[in-house]
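Here is the structure we will look at.
The shown structure was predicted, so the numbers you read here are calculated from the model rather than taken from an experiment.
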Amino acid sequence: MTVSKRETERKYEPSSSGIEGLPDLTGAGPVASVTAAGPEELDAVYHDTADLRLAGSSATLRRRTGGPDAGWHLKLPLTGDTREEVRAPLSDEVPDALRELLLSRTRGAALRPVTRVRSTRAVRHLRDADGAPLAEVSLDEVRAESLLPGGGRAEWREVEVELADGVGAGLLDTLEKKLRKKGIVRSDSPSKFVRALRETGAAAEGTRTRAATAPGSPGSYVLAYLEEQVAALVALDPAARRELPDGVHRMRVASRRLRSCLRSYRSVLDRRVTDPVRAELKWLAGELGVERDQEVLRERLGAGIDDLPGELVLGPVAARLRAWEVSRGEDSRTRTRAALASDRYLRLLDALDGLLAEPPLRGKATGKPAPTMGGAVLKEYDRLAGRMERALALPPGPDRDVALHQARKAAKKVRYAAEVARPVLGKPVKRLGKRAKAVQRLLGDHQDAVVAQEALRELAVAAHAARETAFTWGVLHGQERARARAREEELPAVWREASDPALRTHLAH
């Protein structure tokens with residue numbers, strides 16, 4: 001069993017006078033009192049792969065004894081000074097639950113002890129006027145020992161400031177001003193593990209490298225975007241496995257961005273190498289999409305029921321929707337878990353790493369960036385324009401619904417191609433991306449309404465078969481049908497704005 005929490009902290013280099021050199025933080029912002037605790041003796045053994053894949057992705061895994069939170073601690077980066085810490089009870093081996101959360105980083109490689117860090121900790125608790133905890137300030141006397149070949153030992157001291165749960169990050173800035181006045185400055189190491197690796201001279205086996213490309217070339221921009229999205233895919237994996245809000249959705253978006261970039265910039269990267277990777281990204285997005293689409297549909301139908309006046313909700317509507325969601329939702333979650341546990345998924349991650357390490361660059365990868373990037377965006381824009389023209393020429397009905405859905409996909413590709421080109425083409429392509437997003441959103445709402453109609457008809461048939469009234473499902477079906485028609489009526493105006501000839505001319509030149 002695991003539990004998790006978010007921790008927000010900063011590390012500092014202390015002054016020479018030790019704990020006595022820490023300033024009195026009473027009166028710093030809301031701090032009304034400071035109390036001492038400790039000392040504590042902490043003993044942590046950090047685990048990683050032979051080539052330090054966790055350290056390379058800013059994650060840490062340790063087995064710690066001593067202190068109030070002995071056990072296994074997995075720390076995953078979030079934003080700024082905040083990390084998520086997932087804890088598991090103390091055991092001799094790495095818990096399976098934590099090993100699974102690290103699969104996107106380890107790719108199944110063995111985890112082994114790499115560094116031992118022992119600390120003697122003196123603690124100060126900061127509280128507000130009501131006695132509620134605000135933060136913990138500690139001074140650690142650290143002894144690190146490498147467990148890797150050729151590694152040594154190191155000692156240092158550090159100050160750590162960690163906010164209590166629910167305390168705003170602004171308090172860190174307030175406390176830092178006080179610390180700086182005492183000569184206590186921010187550390188350049190984000191964690192004890194990273195510092196221990198550096199100061200003990202630990203050597204990693206077969207550390208991965210990235211390809212070097214000429215700065216300012218089309219290849220450099222495309223590879224930078226791909227690297228960003230691969231990192232996002234890897235980082236979001238634990239959230240998707242734990243079914244955290246938006247985890248699956250954001251991971252699916254990263255896979256789509258990758259696939260779209262590989263498609264749009266075929267003039268930069270050889271498709272003979274990238275097309276097989278694109279096919280696997282399509283598979284992953286499809287597996288993740290089942291759960292995400294079900295989530296969106298459930299929320300839409302639930303909101304529709306909540307918005308109806310009470311007199312229009314007849315029969316066991318809420319119960320039937322819950323039963324429908326249970327039957328469909330579990331199937332979609334099982335599919336996501338199976339995909340992320342598969343060797344096929346791990347091979348895809350390895351293929352993406354290989355693509356970045358040895359990119360199949362074509363001639364235009366080293367040319368002038370503006371013509372190459374602009375040409376790629378323009379090609380996707382022209383494809384969108386063709387699909388919009390075909391869709392708008394069709395009469396309302398199933399064929400038009402399908403055509404509009406295809407146009408929505410094309411609008412996404414314009415957006416993603418524009419994202420890659422933004423550092424080169426600036427505001428005009430940024431503006432085009434925003435307008436393509438407006439088209440995509442409108443068409444997305446249209447598609448959601450179409451899918452909702454199909455689900456509502458299914459629910460109405462099931463209600464009728466159970467001798468329940470299908471009235472409410474019919475009302476909701478009518479509302480979704482009207483929403484779809486409304487989006488179709490809005491579309492020409494939104495498309496006119498997106499198809500500004502001046503933007504196209506800029507991209508062409």
>> I'd like to know if E13 and R195 make a salt bridge, using a cut-off of under 4.0 Å between side-chain N and carboxylate O.
In response: yes
> Below 4.0 angstrom, N of the basic side chain to O of the carboxylate: do D81 and R10 qualify?
Replying inline: yes
> Is any side-chain N of the basic residue among R87 and E85 closer than 4.0 Å to the acidic one's carboxylate O?
Replying inline: yes
> Is any side-chain N of the basic residue among K75 and E7 closer than 4.0 Å to the acidic one's carboxylate O?
Replying inline: yes
>> Salt bridge or not between D48 and R53? Use side-chain N to carboxylate O under 4.0 Å.
In response: no
> Would you say the side chain of T60 lies within less than 4.5 Å of the side chain of L74, judging by non-hydrogen atoms?
Replying inline: no
> Are side-chain N/O atoms of E380 and Y416 paired as donor and acceptor at under 3.5 Å?
Replying inline: no
>> side-chain hydrogen bond (donor to acceptor under 3.5 Å, both in side chains), that's the test. Do S57 and R105 meet it? Break it down for me.
In response: CA-CA 7 Å; S57 63; R105 290 172 163 89; 2.8 Å; yes
>> Using a strict threshold of under 4.0 Å (side-chain N to carboxylate O), is an ion pair present between K11 and E9?
In response: yes
> Is there a salt bridge (charged side-chain N to carboxylate O under 4.0 Å, His left out) between R252 and E291 once you walk through the steps?
Replying inline: CA-CA 10 Å; R252 183 190 187 191; E291 181 172 351; over 6 Å; no
>> Nearest 0.5 angstrom please: T2 OG1 to R242 CZ, how far?
In response: 6.0 Å
>> If we check side-chain hydrogen bond (donor to acceptor under 3.5 Å, both in side chains) with Y12, which of these qualifies: E176, K182, E158?
In response: E176
>> Within 45 degrees of the ring normal and closer than 6.0 Å to the centroid, is that where the cationic atom of R64 sits relative to W72?
In response: no
